[in-house]
Amino acid sequence: MSKPSSEIVCFGEMLIDFVPNESGVSLAESAGFLKAPGGAPANVACAITKLGGSSAFIGKFGEDEFGHMLVDVLKENGVNSQGVCFDKDAKTALAFVTLKKDGEREFMFYRNPSADMMLKESDLNMDLIKQAKIFHYGSISLITEPCRSAHMAAMKAAREAGALLSYDPNVREPLWPSSEACRQGIKSIWTSADVIKVSDDEVEFLTQGDAADEKNVLSLWYDGLKLLLVTDGEKGCRYFTKNFRGAVGGFSVNTVDTTGAGDAFVGSLLCSAAKDSSILEDESSLREALRMANACGAICTTRKGAIPALPDNAAALKLISHSH
């Protein structure tokens, strides 16, 4: 058995989103649902392979139809699945997600406890983690034990092996005991990351202040962070490093569903960083990488669902060249 190898290892949850087959209705009003693979870290892993990068996913699934379907989705998307395992006692997580008329998402989660929460340290494929150039994770895996301890152990192994640590907290308040627990949980591993990406809404949630105010954003900075990114929806993104900061404009597209846009953005940026880690120190290369990431995020909003809507390089480059 050859040693597993993937440049970017994504850790956390993969689940099934049930999305109403008509848009703009509440979960209660919806007559039927389509099942869509979801879970931010898994979306990022698929975004990477779609752009020609190499990724692996580490997480736990129920030993059930849905769990096997999700692992098949990873394999079909060329994601290394040597880090996945199954739980015979817990089921694969489900989420019901609707886009209400105002475009806001409403979530209802079924995880009591779901298989992804039952991942334990002994389940970790340490070989896979230790050879990663980049180790990427969210915050949902921090909510409960044993997954929290597994998350901490995986982060520690990746850091000791010299990987770049990438964190996208993906705030999902309903999953935490309270808003304050959510804020504290997310902040508990804040100073371990090299790269952190937050949305403007997440800046407001974490700082309890205005995301447009740079003072609030900079309260999230810590010495030792290499790159802090704030995504501002269709407006693009802002970037902050020790030596420079700025903004890169977004792309106007016909938005249908914002699910997965942030994951497409992150996947694209991590692909660029895996190819050339100097983008974190060189502003013009970083801006170029962020333009690509913005294009990927924009394209992802033009189709329903996260994984089917993830762009390839050609689509992203086409959007960039048409927007000059």
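Computation of the quantities below employed the complete heavy-atom set of this structure, encompassing side-chain atoms and omitting hydrogens, waters and symmetry-equivalent molecules.
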Answer whether the closest heavy-atom distance between the side chains of [X] and [Y] falls below 4.5 Å.
| X | Y | answer |
| --- | --- | --- |
| R148 | I143 | no |
| I16 | M69 | yes |
| V79 | K75 | no |
| F244 | D282 | no |
| R238 | D232 | yes |
| I134 | V9 | no |
| I58 | V84 | no |
| L51 | C296 | yes |

Between the side chain of [X] and the main-chain N/O of [Y], is any donor-acceptor distance below 3.5 Å?
| X | Y | result |
| --- | --- | --- |
| Q131 | S6 | yes |
| S139 | P169 | yes |
| D263 | A47 | no |
| T49 | N77 | yes |
| S188 | G185 | yes |
| N125 | Q82 | yes |
| W190 | L220 | yes |
| T98 | V25 | yes |
| D17 | V19 | no |
| S30 | L27 | no |

Residue pairs passing the salt bridge (charged side-chain N to carboxylate O under 4.0 Å, His left out) test where at least one lies in residues 51-69, sequence neighbours excluded: K60-D87, K60-D123

What is the minimum heavy-atom distance between [X] and [Y], and which atoms define it?
| X | Y | value |
| --- | --- | --- |
| M14 | L70 | CE-O, 3.7 Å |
| M292 | A316 | CE-CB, 3.6 Å |
| P37 | I307 | CB-CD1, 3.9 Å |
| P311 | K50 | O-CG, 3.3 Å |
| L124 | A150 | CD1-O, 3.5 Å |
| D194 | L225 | O-CD1, 3.3 Å |

Verdict with supporting geometry, T259 and D257, side chain to side chain donor-acceptor pair (under 3.5 Å): CA-CA 6 Å; T259 311; D257 174 14; 2.6 Å; yes

Over 12 foreign heavy atoms within 6.0 Å of OH, Y222: yes

Parallel, tilted or perpendicular: ring planes of H68 versus F86, cut at 30 and 60 degrees: parallel

Ring geometry between Y137 and F135 (parallel below 30°, tilted from 30 to 60°, perpendicular above 60°): tilted

In Å, rounded to the nearest 0.5 Å, how long is the span from [atom1] of [X] to [atom2] of [Y]?
| X | Y | atom1 | atom2 | answer |
| --- | --- | --- | --- | --- |
| L286 | L269 | CG | CG | 7.0 Å |
| N254 | R303 | CG | CZ | 14.0 Å |
| K91 | M118 | NZ | CE | 13.0 Å |
| S199 | D168 | OG | CG | 8.0 Å |
| L164 | R159 | CG | CZ | 11.5 Å |
| S141 | D116 | OG | CG | 8.5 Å |

In the single-linkage hydrophobic clustering (I, L, V, M, F, W, Y; side-chain heavy atoms under 4.5 Å), do [X] and [Y] co-cluster?
| X | Y | value |
| --- | --- | --- |
| V266 | L319 | no |
| F66 | M117 | no |
| L227 | I279 | yes |
| Y239 | L280 | yes |
| V97 | V171 | yes |

side-chain contact (heavy atoms from CB on, under 4.5 Å) evaluation trace for V195 with L165: CA-CA 6 Å; V195 175; L165 267 54; over 6 Å; no

S278 and D276: CA distance, side-chain angles, deciding distance, side chain to side chain donor-acceptor pair (under 3.5 Å) verdict: CA-CA 5 Å; S278 77; D276 177 9; 2.7 Å; yes

Sub-6.0 Å ring centroid separation between H151 and F11: yes

E214 with R245: basic N within carboxylate O range, under 4.0 Å: yes

Side chains of S179 and E173, donor plus acceptor under 3.5 Å: yes

cation_pi(R183, F205) dist<6.0 Å, angle<=45: yes

Trace of the side-chain contact (heavy atoms from CB on, under 4.5 Å) decision for L15 with L94: CA-CA 6 Å; L15 60 148; L94 310 179; over 6 Å; no

Pair V256-T301, side-chain contact (heavy atoms from CB on, under 4.5 Å): steps then yes or no: CA-CA 6 Å; V256 177; T301 69; over 6 Å; no

Sequence neighbours excluded, every pair satisfying side chain to side chain donor-acceptor pair (under 3.5 Å) that has a member inside residues 203-213: none

Residue pair L270, E7: steps toward the side-chain contact (heavy atoms from CB on, under 4.5 Å) verdict: CA-CA 10 Å; L270 295 182; E7 291 200 326; over 6 Å; no

